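In what follows, a structure is listed as structure tokens, so that the remarks can point back to it.
Just so you know, these numbers come straight off a predicted model, no measurement behind them. Ligands are counted one by one from 1 in listed order, and the atoms in each one are counted from 1 as well.
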Amino acid sequence: MQNNLCNIAVLISGNGSNLQSIINHTQSGHINANIVCVISNSADSYGLARAIQADIPTQVVDHTHYASREEFEKELVKTLKIYKSELVILAGFMRVLSDFFINEYQGSILNIHPSLIPEFPGLHTHQRALKTGETEHGCSVHFVTVNLDQGPVIIQAKVPVHDSDDPKTLAERVLEKEHIIYPLAIKWFCQKKLSCKNETVLFNDKSLDKPIMLTAAHESELQ
Ligand code: GRF
């Protein structure tokens, strides 16, 4: 194993299609990282099977086994420390994290959210975008701060909303973009091109005044 790889841990709760994309781009060498551990809060997550298939260590930290959010998060932090994780990637992790956890990994937690932040924080984003008649929708990768789904945004990708869409077809179109922008942001973090200071994203040492919008040139960084 090369020693300049960034140690990354991926936290999941479900299917893990974003995890799969991160695994693929790590294996192909596009992301200069070592996935040290995949942690799920549910033993049933299909993402665990994806990790096992890729020979990545897995851990289940089931929130229902802990008396409080703090106890649960202390176990998460303990596990992340055992694996010497330098970057925490939330990929469909369905637990809200408190200030305790976020402060422990300040500036080193990324999340992907299926909307164009600041639009539609929270759940059921595709359904809500259809309901309000949006013509464009998308996804965002952001640093996690104490404001749920509202941390500083690194990169976004847009998709059109079609008249014939239902939440499922729209989610599929958005997911295709998630599988590109998340590996890209992780790649940049691992290359030390990306950081977060005082709620601002720094890209190549310059503050971003607005999120990067995915272009074909960016996509070629993963090919
Ligand atoms: C994705 O839509 C992600 O944006 C959201 O949860 C979903 C997870 O999907 N946070 P998957 O488990 O990566 O397939």
Task: Within 6.0 Å of CG in Asn198, more than 12 heavy atoms from elsewhere - done: no

- [ ] Consider every N or O of Ser17 and every N or O of ligand 1, then say whether any pair is closer than 3.5 Å.
- [x] yes

Open item on the list: Please list the nearest protein heavy atom to atom 6 (O) of ligand 1 with its residue and the distance rounded to 0.1 Å.
Closed with: Gly92 CA, 3.5 Å

Open item on the list: Show, in sequence, the C-alpha distance, side-chain angles and deciding distance for Ser28 and His30, and conclude whether the side chain to side chain donor-acceptor pair (under 3.5 Å) test is met.
Closed with: CA-CA 6 Å; Ser28 64; His30 293 133; 2.9 Å; yes

Open item on the list: Let's go through Lys210 and Gln156 carefully: what are the C-alpha distance in whole Å and the side-chain angles of both, what is the deciding distance for side-chain contact (heavy atoms from CB on, under 4.5 Å) to 0.1 Å, and is it a yes or a no?
Closed with: CA-CA 10 Å; Lys210 56 182 187 335; Gln156 296 184 314; over 6 Å; no

Open item on the list: Check this for me - ligand 1, Gly16, N or O atoms closer than 3.5 angstrom, yes or no?
Closed with: yes

Task: Within one Ile-Leu-Val-Met-Phe-Trp-Tyr cluster: Val153 and Val201, side-chain cutoff 4.5 Å - done: no

TODO: List the closest protein heavy-atom neighbour of atom 3 (C) of ligand 1: residue, atom name, distance to the nearest 0.1 Å.
DONE: Glu178 OE1, 3.2 Å

Task: From Ile112, Asn18, Asn15 - option closest to atom 9 (O) of ligand 1 by heavy atom - done: Asn18

TODO: Indicate yes or no: does an N/O atom of Asn111 lie under 3.5 Å from an N/O atom of ligand 1?
DONE: no

- [ ] Have a look at His137 and tell me which of Glu119, His126, Arg128, Lys177 forms a side-chain hydrogen bond (donor to acceptor under 3.5 Å, both in side chains) with it.
- [x] His126

